[in-house]
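Before any comments, here is the structure.
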There are 2 protein chains.
Amino acid sequence: MSGTDVTRTDTTRGTSRIPLGREIAEDLRRRIVGGEFPPGARLPSETDLAAAYRVSRVTIRTAAKALESQGLVDIRHGSGMFVVDFGGQIRSGVQELRSITETIAEMGLEPGVEYHSISRRPGSRNESSRLHLDSGADVLELQRAITADSEVVAYSYDVLPAGDMTTEVENSFGDGSMFASMDRIGLVSVRALAELHAVHSADIGWGDDRPDNGLYLLLDQVHFDRDGTPVAYSQTYFVEGRFQFVLLRTR
Amino acid sequence: MSGTDVTRTDTTRGTSRIPLGREIAEDLRRRIVGGEFPPGARLPSETDLAAAYRVSRVTIRTAAKALESQGLVDIRHGSGMFVVDFGGQIRSGVQELRSITETIAEMGLEPGVEYHSISRRPGSRNESSRLHLDSGADVLELQRAITADSEVVAYSYDVLPAGDMTTEVENSFGDGSMFASMDRIGLVSVRALAELHAVHSADIGWGDDRPDNGLYLLLDQVHFDRDGTPVAYSQTYFVEGRFQFVLLRTR
DNA sequence: GAGTGGTCTAGACCACGCA
DNA sequence: GCGTGGTCTAGACCACTCA
């Protein structure tokens, strides 16, 4: 029964950082992607999994539900849990909070980021309100173009509270993933409340690669850290037709 | 303690059709939307809610998580559950598969459906492929306008496999929720794989209530039943600005 | 009818927030 | 330090599927 043992030396549950259910979900995911359970295969029953992982069935269910919401498995009442047959395509639901570059990389394309401008300025009323800042407080605005195989797939306007950022820190944003830079200075986004809008405008973006029709799908989101403190407000305009948003909706 | 009693005459739990957690979530939702808990207000603690609804805390948590994923409340560890301040617009968690009319009704508006046309015809190549039908097989196409307080919020073009539908069945679609009609004939949608697009076109919709800018958010989705059989293909064009799509993304 | 997932309970312990 | 949410357990009963 190899692979079923998520060694957990601490008997005092609740001390660990990662929830057990999540840890098990990730282990199962690895086993599925690794080929131990091929598409169409039935996973062991929840009772068996509970025994194998030495965990209650409720916890297994948490993991199972997570896999289902990721579209990896299909849970059928009375029959069992089956690995979904996804045609080689990597599925990334909108509901998962991950960096866009990460998603692009997983689709087998070459992700890139071009910084158009980085500037410090007082926040607008809307921005201050969304970020719970005093009006007039400084923000750092980033304007980035996100590319996949050198083609622009999105323009992103991101605003961070600039509070006590040093110039050095500000400059560190010019490179790589914004999430990575934010992590480095302790701005950790774990949740985002997003709105979706259709936008038609010639004023979005820059450069020669803008779409002729000026059509975008806007992901307007406020990011929060673990404490519920807003850490970023970003408006990302996805060029219609160049990025596929997939969503698994369940009843 | 008015409103806290979800009268449940059956003591034999598990017999009921609707899961308790969901029922409680809907009750809480009604109470929030109804103004009992205004934006910013703190809801009773989970322990108190459990006592009030005469239910275990785990069940309350299920309901709480549902409300959180709908973007209705903000759960803060150590502090409590707070009603999110939303601007009165219709709010729907995209990841939840529910009928649009249902969502509208729960926001306290008067939902309506106007059928523009119902017709039986051979499916197009795209439609046949999405519904796993033999090419040339008949489909039933519905064109509907969905309204909230008499204002059109979406135009929907829905295609169902017409297979062995009788004329009588076809006509039954002219009234009420499409999901309800589908349920009656055994087409039960439990899952949908959806794509999101921005659309700018003057050819969408009909009537006088169309938006001047012709901007829509398209939800393009294939519905599946429990067995993974496609039961419907629908393209719903939400009028930009009249329907708010909220998404809680988590890491 | 045997086996599977779906739901619910009562109780426990932990981590976090705040006064 | 107390109250709040976060996680987990062991057991129970139900509904569904399929042979």
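Note on naming: letters A, B, ... go to the chains in the order of the sequence lines (proteins, then strands), and numbering restarts at 1 for each one.
- Phosphate proximity of C:dT4 to A:R42: present, with a side-chain N or O under 4.0 Å from OP1 or OP2.
- The side chain of B:I75 has D:dG5 as its nearest neighbour among C:dG5, C:dC18, D:dG5.
- When distances run from any side-chain atom of A:V58 to the nucleotides D:dT9, C:dG5, C:dT7, the shortest one goes to D:dT9.
- As rounded to whole Å, 15 Å separates atom C1' of D:dG6 from atom CD1 of B:I60.
- Taking 4.0 angstrom as the limit, A:T59 places none of its side-chain polar atoms (N or O) nearer than this to OP1 or OP2 of D:dT7.
- Distances shown here put every side-chain N or O of B:R61 at or beyond 4.0 Å from the OP1 or OP2 atom of D:dG5.
- Ring-to-base geometry places B:H77 in a stacked arrangement with C:dA15 (centre distance under 5.5 Å, plane angle under 30°).
- One interatomic measurement links the two molecules: CZ of B:R76 to C1' of C:dA15, which rounds to 17 Å at whole-angstrom precision.
- With rounding to whole Å, A:K65 atom NZ is found 18 Å from D:dT7 atom C1'.
- A salt bridge links B:R76 to B:D74: at least one charged side-chain nitrogen sits closer than 4.0 Å to a carboxylate oxygen.
- The interatomic distance linking A:L67 (CG) with C:dG5 (C1') rounds to 15 Å, in whole Å.
- The nearest whole Å value for the distance from the OH atom in A:Y53 to the P atom in D:dC8 is 14 Å.
- Taking a cutoff of 4.0 Å between a charged side-chain nitrogen and a carboxylate oxygen, A:R57 and A:D48 do not qualify as a salt bridge.
- Between A:L20 atom CG and D:dA10 atom P the separation is 12 Å, expressed in whole Å.
- Taking atom CD of residue B:E46 and atom P of nucleotide C:dA10, one finds them 16 Å apart after rounding to whole Å.
- With D:dT9, D:dC13, D:dG6 as the choices, the nucleotide that has an atom nearest any side-chain atom of A:R57 turns out to be D:dC13.
- Note on A:S56: a side-chain N or O is less than 4.0 Å away from OP1 or OP2 of D:dT9.
- Following rounding to the nearest Å, A:L43 (CG) and C:dG3 (C1') show an atom-to-atom distance of 16 Å.
- Under a 4.0 Å N-O distance rule, the pair A:R22/A:E26 qualifies as a salt bridge.
- Residues B:S156 and B:D158 have side chains that bring a donor and an acceptor to within less than 3.5 angstrom of each other.
- Side chains of B:V231 and B:M182 form a contact here, defined as non-hydrogen atoms less than 4.5 Å apart.
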